[in-house]
Amino acid sequence: MVIGAVAYFGVDDSQKQIVLILTGTCCILQLPRTLLQYILQITDRIKDYAKNYMLEKIVYAVCVLSMLALGQKNFVILISADLFARLVTLVLLCIQCKDMVFRKLSCVGIGVRESGENIAIGSKLMFANIAGLLINGIVRFAIENHWNVETFGKVSLTMTMSNMLMVFISAVSVVIYPMLKQTPEERLAQMYKTIRMMLMIPVLGMLLVYYPAKVLLSGWLPQYAESLKYMALLFPMCVYESKVSLLINTYLKALRKEKMMMYINWGIVVISCIITGVVVYVLDNLTLSIASLTVILALRCNIAEIYLIRTLKISSGKTLLFENGLALIFIVSSWMIQSWFCMLIYGAAYLAYLFYNKENLRPLIEQMRDGVFRKIRRK
């Protein structure tokens, strides 16, 4: 209702009014849906959660493809397809969690008392997540506001491609959180090192596909060829976002450090406002504006990780510097050298990173090999 009122009285553009009203409708569907999804996660019903998540994407894809096949390209229809997919999965979730959704009124009193405790904890996490969205949103809004929708659309393509990876990374974190909650506290530090190495090796290696992907996409989408050069600046944000989403935030939630998570995110929001104001409105530089997003995300990741490793009482300072150095080498080489040679430069740096971590890699490889052999024997 609040979003609808703001759209009706505070926005003149009719299209933006429609978008805000549909956003309010989405909130009505998404909030109970998110609650029920969290219930599935914390009760270790990961398979049901995954099926529900996949069903939403499938229903949405079918609706969108059907509308496009019929020649309907209006954005309202596309957004409505998303709302319909959320409604379908919400109904399914209510059926899956019927023991909690459909209860007698006599149980309401118990629920009200428990909700007070849940709100005290969940509010910190909610504000931390809102701040996390604003970190990305502030830069995007400033680009659209200062330049134009066409410029934002070109930049948004590269951002969307980077965010596609985050969908898979976030899905993995769903499995890790219940595992950490069941792990004795004295083992969390060692598990952190193992999970961190398992994450960073492939994610940093993934940056090697930048130049082949850029060449392929430039041929496939020639009208976006100029904007794809910004992939060099935005691709490393996958490294920092994946580490925050999969590792750092999951650990902070498991250690009940939601308040610190909230403080870090809101501190970065303030920094994001200052940096965005300078590079967008003072310097009027689109390239610096896009690069600032990666810098801001890197800053949040490093601050949060330093706090976490101090909490766990482990030492990862040199590895942290090495990883930031790798990201910097990738950005500079990919931006300055528009050829396959940038792959060789970053590839050499990546091999040096693997060599530096060879002592940590050996036990990890042995664990993976033993796990594969166990599965083969069971079969």
Side-chain angles (χ1 to χ4, degrees), residues 34-50 52-53 118 120-136 162-204 206 237-268 297-316 319-320 323 360 364 367-368:
T34 302
L35 173 63
L36 295 175
Q37 285 180 333
Y38 282 151
I39 290 172
L40 291 180
Q41 291 177 38
I42 62 177
T43 53
D44 205 20
R45 295 170 63 183
I46 305 299
K47 187 178 290 187
D48 290 336
Y49 167 81
N52 188 273
Y53 185 84
N118 294 334
I121 298 168
S123 59
K124 300 182 185 71
L125 193 57
M126 179 189 72
F127 285 118
N129 290 335
I130 291 173
L133 294 173
L134 287 175
I135 292 170
N136 289 327
S162 301
N163 289 336
M164 283 175 65
L165 176 68
M166 295 310 305
V167 174
F168 299 101
I169 297 293
S170 299
V172 177
S173 66
V174 171
V175 180
I176 291 179
Y177 178 71
M179 180 180 68
L180 292 179
K181 291 298 291 182
Q182 297 171 12
T183 302
E185 195 167 334
E186 60 272 12
R187 290 190 56 203
L188 287 177
Q190 184 57 43
M191 281 190 65
Y192 175 81
K193 293 180 180 179
T194 303
I195 297 172
R196 190 182 192 283
M197 189 59 59
M198 291 176 66
L199 170 68
M200 297 312 296
I201 293 296
V203 169
L204 288 169
M206 178 206 64
M237 84 177 189
C238 297
V239 175
Y240 297 109
E241 281 287 80
S242 59
K243 194 193 294 186
V244 169
S245 176
L246 176 60
L247 190 62
I248 298 173
N249 282 353
T250 306
Y251 256 85
L252 290 176
K253 286 186 284 188
L255 295 169
R256 301 303 302 276
K257 300 291 184 181
E258 297 94 350
K259 185 181 289 187
M260 182 53 64
M261 189 172 150
M262 180 181 68
Y263 289 156
I264 291 171
N265 282 2
W266 279 105
I268 297 300
L297 293 174
L299 184 62
R300 177 187 56 169
C301 177
N302 285 312
I303 291 173
E305 185 167 16
I306 289 170
Y307 172 78
L308 180 59
I309 60 179
R310 287 182 177 177
T311 303
L312 295 173
K313 298 177 181 178
I314 57 179
S315 177
S316 297
T319 305
L320 197 59
E323 290 167 357
N360 295 323
L364 185 61
Q367 288 177 16
M368 293 174 66

key: Criterion side-chain contact (heavy atoms from CB on, under 4.5 Å) on Tyr49 and Arg45, from CA distance to verdict   = CA-CA 6 Å; Tyr49 167 81; Arg45 295 170 63 183; over 6 Å; no

task = Just do the side-chain contact (heavy atoms from CB on, under 4.5 Å) check on Arg256 and Glu258 with the steps written out, would you?
result = CA-CA 6 Å; Arg256 301 303 302 276; Glu258 297 94 350; 3.1 Å; yes

request  = Could you walk me through whether Ile248 and Tyr307 pass the side-chain contact (heavy atoms from CB on, under 4.5 Å) test, one step at a time?
outcome  = CA-CA 10 Å; Ile248 298 173; Tyr307 172 78; over 6 Å; no

request  = Given side-chain contact (heavy atoms from CB on, under 4.5 Å), test Leu320 with Glu305 step by step and report yes or no.
outcome  = CA-CA 9 Å; Leu320 197 59; Glu305 185 167 16; 2.9 Å; yes

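Under a 3.5 Å cut-off, the side chain of Tyr192 and the backbone N or O of Leu312 do not form any donor-acceptor pair. Checked by atom type and distance alone, the side chain of Tyr251 pairs as donor or acceptor with a backbone atom of Leu188 at under 3.5 Å. Put simply, the side chain of Ser242 gets close to the backbone of Val239: a donor and an acceptor are under 3.5 Å apart.
The residues Glu241 and Lys243 are annotated as not salt-bridged, no charged nitrogen and carboxylate oxygen being separated by less than 4.0 angstrom.
How far CG of Asn249 is from CD1 of Ile264: 9.0 Å, rounded to the nearest 0.5 Å. The CG atom of Asn302 lies 11.0 Å from the CG atom of Leu297; values are rounded to the nearest 0.5 Å. Rounded to the nearest 0.5 angstrom, Leu246 CG and Met200 CE are separated by 10.5 Å. Separating the CG atom in Leu308 from the CZ atom in Arg196 is a distance of 10.0 Å, to the nearest 0.5 Å. In this structure, Arg300 CZ and Met261 CE are separated by 8.5 Å, a value rounded to the nearest 0.5 Å. Put simply, CG on Leu299 and OH on Tyr240 are 10.5 Å apart, with the number rounded to the nearest 0.5 Å.
Scanning both residues, Ala189 and Ile314, for their nearest heavy atoms gives CB-CG2, 3.6 Å. Of all the heavy atoms in Trp266 and Phe127, the pair that sits closest is NE1-O, 3.0 Å. Closest heavy-atom contact between Asn265 and Ile135: O-CD1, 3.9 Å.
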